[in-house]
Amino acid sequence: MFKKIALALLVAAPLSAPAVAAPAVSDSVTTQEAVARLHPNDGGSAIELAQAYLRADRPGEAANTYRRALTLDNVMLETPTGDSVWSHQVARQALPHATALSSR
């Protein structure tokens, strides 16, 4: 079973101010936090939450959530391009970038 997600696998560049300031970003974080609470063992939900934190310019919380995803169930995810990727793989690849952004 695949879980389709809207992934930006690696975020190497800082987010633009207009994207961060958008109310939809805040709503996305709230929604993803609720989903993660409903599925506390799902690594895919944690990945989605970490991505929402990055879009909201909250890289410290994103890094913590990627670390947490590595302790949860390793689930197969589907990217927007149709590729398949494991949640632990995404977390391992994105964690250094989120950590670097949080140290700025």
Side-chain angles (χ1 to χ4, degrees):
M1 181 175 123
F2 290 102
K3 179 176 182 178
K4 188 164 184 139
I5 63 169
L7 257 203
L9 287 180
L10 298 177
V11 177
L15 299 171
S16 67
V20 171
V25 172
S26 161
D27 292 344
S28 175
V29 168
T30 302
T31 299
Q32 291 305 323
E33 287 172 338
V35 170
R37 279 191 301 276
L38 289 173
H39 305 284
N41 296 318
D42 183 5
S45 295
I47 296 296
E48 285 286 348
L49 177 56
Q51 292 293 325
Y53 284 144
L54 284 175
R55 287 188 299 273
D57 197 26
R58 294 163 61 178
E61 290 170 280
N64 289 336
T65 305
Y66 284 128
R67 284 186 198 96
R68 184 172 178 281
L70 289 169
T71 68
L72 302 176
D73 294 340
N74 192 17
V75 298
M76 182 63 67
L77 306 172
E78 183 180 339
T79 67
T81 60
D83 296 326
S84 298
V85 63
W86 290 102
S87 59
H88 287 187
Q89 178 184 359
V90 173
R92 280 192 300 273
Q93 288 178 340
L95 184 57
H97 299 285
T99 303
L101 288 173
S102 68
S103 65
R104 289 184 181 179

(request) Using the test side-chain hydrogen bond (donor to acceptor under 3.5 Å, both in side chains), find all partners of D73 that sit at least two apart in sequence or belong to another chain. (result) none
(request) Quick one: list whatever passes side-chain hydrogen bond (donor to acceptor under 3.5 Å, both in side chains) with R92, sequence neighbours left out. (result) none
(request) Output all residues satisfying side-chain hydrogen bond (donor to acceptor under 3.5 Å, both in side chains) with S87, sequence neighbours left out; order by chain, then residue number. (result) N74
(message) To check you understand the geometry: which heavy-atom pair defines the closest contact between V75 and G44, and what is its length?
(response) CG2-N, 3.4 Å
(request) Could you walk me through whether L54 and H97 pass side-chain contact (heavy atoms from CB on, under 4.5 Å), step by step? (result) CA-CA 10 Å; L54 284 175; H97 299 285; over 6 Å; no
(message) Could you measure the distance from the OG atom of S45 to the CZ atom of R68? Nearest 0.5 Å is fine.
(response) 9.5 Å
(message) So, using side chain to side chain contact (heavy atoms under 4.5 Å, CB included) as the criterion, who are the partners of A69 when residues are at least two apart?
(response) A46, I47, A91
(request) Would you please name every residue forming a side-chain hydrogen bond (donor to acceptor under 3.5 Å, both in side chains) with S103, sequence neighbours left out? (result) none
Which atom pairs, donor and acceptor, lie under 3.5 Å between side-chain atoms of residues 30-37 and protein residues at least two apart or in another chain?
residue: T30; atom: OG1; partner: S26; partner atom: O; Å: 3.1
residue: T31; atom: OG1; partner: D27; partner atom: O; Å: 2.9
residue: E33; atom: OE2; partner: Y53; partner atom: OH; Å: 2.8

(request) Could you pull out the closest heavy-atom pair between T99 and A63, with the gap in Å? (result) OG1-CB, 3.9 Å
(message) What's the separation between atom CH2 in W86 and atom CD in Q93, rounded to the nearest 0.5 Å?
(response) 14.5 Å
(request) Look up atom CG in L49 and atom CG in D42, then write down how far apart they are to the nearest 0.5 Å. (result) 11.5 Å
(message) Test of understanding: clusters of I, L, V, M, F, W, Y form through side-chain heavy atoms closer than 4.5 Å, transitively. Do L77 and L72 belong to the same one?
(response) no
